Amino acid sequence: MKNQNKLEPFLKKYSDNTLLRASINALPFGGSLDIMMTSGIQKKSQERYLYFIDELRNQFEKIKSDMVDYDYLDSEEFFDLYIETSNLVVKTRLQEKVKAYTKILTSSLTNGFKGKLKPEDILNIIKDLTENDIVLIKLISEYLNSDKLEYTNSTIIFNHKILSEVSQEYSQDYILVGLLNLLKNSLIIKDAITNGPLPFLRYQITPIFEIVRDYLKK
């Protein structure tokens, strides 16, 4: 049996207008739900939600049938995760986030989080990322794949000056502010050996960075 055949009953049951209304109702806008459902907000939210459903179908089809935990698919735990993901989907315009949310959802069906962070934890981390944060994550990833790495002992380090050489599209000030935000979100940490004033600090990635980066990959 194809994965798609198992997924469709779930989508039919939980992806109707009732779920969409529940997702929209979670949005921090004033006014009644009935007003929102007849406005442009409803249309845009529906577009985002349908994009998410299409992405979910595409990703689910790529999973081998014998890897899917069908008991979990039918569980309340997965339903709760689906509701939480749906609420996040209608709140963002960033397709990178929607794809990441969908990957988290499908990974949970293959025990991808066994012994690791819970899917809800990763959802919350990605939820708090700004568009600029995602730009910085991609920029750091590009640097990590380059042949111009700098090290402290055996650990790769970087700062705003180093990253500005990877791409001249972004100013050093832009990158510096972005690094401070990733630092706040625990995606990077300060390199202890290169302490000093802010412009001279160096940074290292954390395991959380690697997890988030993998889910943000296309």
Side-chain angles (χ1 to χ4, degrees), residues 27-28 40 44-45 47-52 54-56 58-59 62 85 88-107 112 116-117 119 121-218:
L27 291 169
K44 181 56 65 177
S45 296
E47 289 174 357
R48 294 173 178 179
Y49 187 76
L50 292 177
Y51 176 82
F52 159 66
D54 287 340
E55 189 66 24
L56 182 60
N58 291 336
Q59 291 191 24
K62 297 176 183 177
T85 305
L88 292 176
V89 163
V90 298
K91 295 177 184 178
T92 182
R93 71 182 188 282
L94 301 178
Q95 291 188 354
E96 294 100 327
K97 280 192 172 186
V98 175
K99 290 181 179 181
Y101 295 152
T102 311
K103 288 178 183 177
I104 293 168
L105 199 61
T106 53
S107 292
K116 300 179 182 179
L117 289 172
D121 297 327
I122 307 300
L123 280 177
N124 286 328
I125 292 171
I126 294 179
K127 174 194 69 175
D128 292 334
L129 296 178
T130 66
E131 187 171 5
N132 289 347
D133 292 336
I134 294 175
V135 168
L136 260 292
I137 290 171
K138 292 180 178 179
L139 187 60
I140 294 171
S141 299
E142 186 177 348
Y143 165 71
L144 294 175
N145 290 324
S146 72
D147 56 359
K148 298 181 179 180
L149 301 176
E150 294 194 18
Y151 294 84
T152 294
N153 296 328
S154 59
T155 303
I156 300 173
I157 59 171
F158 52 87
N159 65 1
H160 58 296
K161 293 181 180 179
I162 294 172
L163 294 178
S164 67
E165 296 176 0
V166 176
S167 174
Q168 297 181 354
E169 183 178 354
Y170 309 105
S171 69
Q172 290 187 15
D173 288 342
Y174 172 92
I175 295 173
L176 179 59
V177 171
L179 289 174
L180 293 177
N181 205 41
L182 295 185
L183 182 66
K184 180 183 67 176
N185 291 330
S186 300
L187 271 71
I188 61 175
I189 58 173
K190 295 178 184 178
D191 176 53
I193 298 179
T194 54
N195 277 329
L198 186 60
F200 298 99
L201 290 178
R202 301 291 188 272
Y203 303 92
Q204 307 170 12
I205 64 169
T206 67
I208 296 176
F209 177 95
E210 295 177 319
I211 294 171
V212 170
R213 176 191 59 192
D214 290 343
Y215 280 109
L216 288 172
K217 284 181 180 178
K218 292 185 178 180

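Since we're looking at a predicted model, the values are computed, not measured.
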For this session: Starting at CZ of R202, measure out to CD of E150 and round the result to the nearest 0.5 Å.
Result: 6.5 Å
Which atom pairs, donor and acceptor, lie under 3.5 Å between side-chain atoms of residues 172-188 and protein residues at least two apart or in another chain?
unit_1: Y174; atom_1: OH; unit_2: N132; atom_2: OD1; d: 3.0
unit_1: N181; atom_1: OD1; unit_2: K184; atom_2: NZ; d: 3.1
unit_1: N181; atom_1: ND2; unit_2: D133; atom_2: OD1; d: 2.7
unit_1: N181; atom_1: ND2; unit_2: D133; atom_2: OD2; d: 2.9
unit_1: N185; atom_1: ND2; unit_2: N181; atom_2: O; d: 3.4

Exercise. What pair of heavy atoms forms the shortest contact from S164 to Y170, and how long is it?
Worked result: CB-O, 4.4 Å
Problem set entry | From OH (Y215) to CD1 (I137), nearest 0.5 Å | 14.0 Å
Exercise. Can you pull the ring-ring contact (aromatic ring centres under 6.0 Å, His included) pairs that have at least one residue in residues 179-198, sequence neighbours excluded?
Worked result: none
For this session: With rounding to the nearest 0.5 Å, note down the distance linking OG1 in T92 to CZ in R48.
Result: 6.5 Å
Exercise. How are the rings of Y203 and F158 set to each other: parallel, tilted or perpendicular (split at 30° and 60°)?
Worked result: tilted
Exercise. Partners of D54 by salt bridge (charged side-chain N to carboxylate O under 4.0 Å, His left out), sequence neighbours excluded?
Worked result: R57
Exercise. Just by distance, do the side chain of S107 and the backbone of I104 share a donor-acceptor pair under 3.5 Å?
Worked result: no
Problem set entry | Qualifying residues under side chain to side chain contact (heavy atoms under 4.5 Å, CB included), relative to E47, sequence neighbours excluded | K43, K44
Exercise. What residues, two or more places apart in sequence or in another chain, satisfy side chain to side chain contact (heavy atoms under 4.5 Å, CB included) together with L50?
Worked result: Q46
Exercise. Residues in side chain to side chain donor-acceptor pair (under 3.5 Å) with Q95, at least two apart?
Worked result: Y51
Exercise. Within a strict 4.5 Å, meaning less than it, do heavy atoms of the N153 and I193 side chains meet?
Worked result: yes
Exercise. What residues form a salt bridge (charged side-chain N to carboxylate O under 4.0 Å, His left out) with E131, not counting sequence neighbours?
Worked result: R93
Exercise. In chain order, what residues pass the side chain to side chain donor-acceptor pair (under 3.5 Å) check against T106, with sequence neighbours excluded?
Worked result: Q59
Problem set entry | Considering all heavy atoms, the nearest A100-L216 contact | CB-CD2, 4.0 Å
Problem set entry | CD1 on I140 to CZ on R213, rounded to 0.5 Å | 10.0 Å
Problem set entry | Heavy-atom donor-acceptor pair, K97 side chain to L129 backbone, under 3.5 Å | yes
Problem set entry | Atom pair OH/CD1 of Y151 and I156 - distance to nearest 0.5 Å | 4.5 Å
Exercise. What residues, two or more places apart in sequence or in another chain, satisfy side chain to side chain contact (heavy atoms under 4.5 Å, CB included) together with E165?
Worked result: none
Seminar exercise, completed: Applying side chain to side chain donor-acceptor pair (under 3.5 Å) to T152 and not counting sequence neighbours gives D191
Problem set entry | L139 side, atom CG; L144 side, atom CG - distance, nearest 0.5 Å | 10.0 Å
For this session: Could you tell me whether the side chain of N159 and the main chain of K161 form a donor-acceptor pair under 3.5 Å?
Result: yes
For this session: For T85, check side chain to side chain contact (heavy atoms under 4.5 Å, CB included) against everything at least two apart and list the hits.
Result: F52, L81, V89, Y101, L105, L123
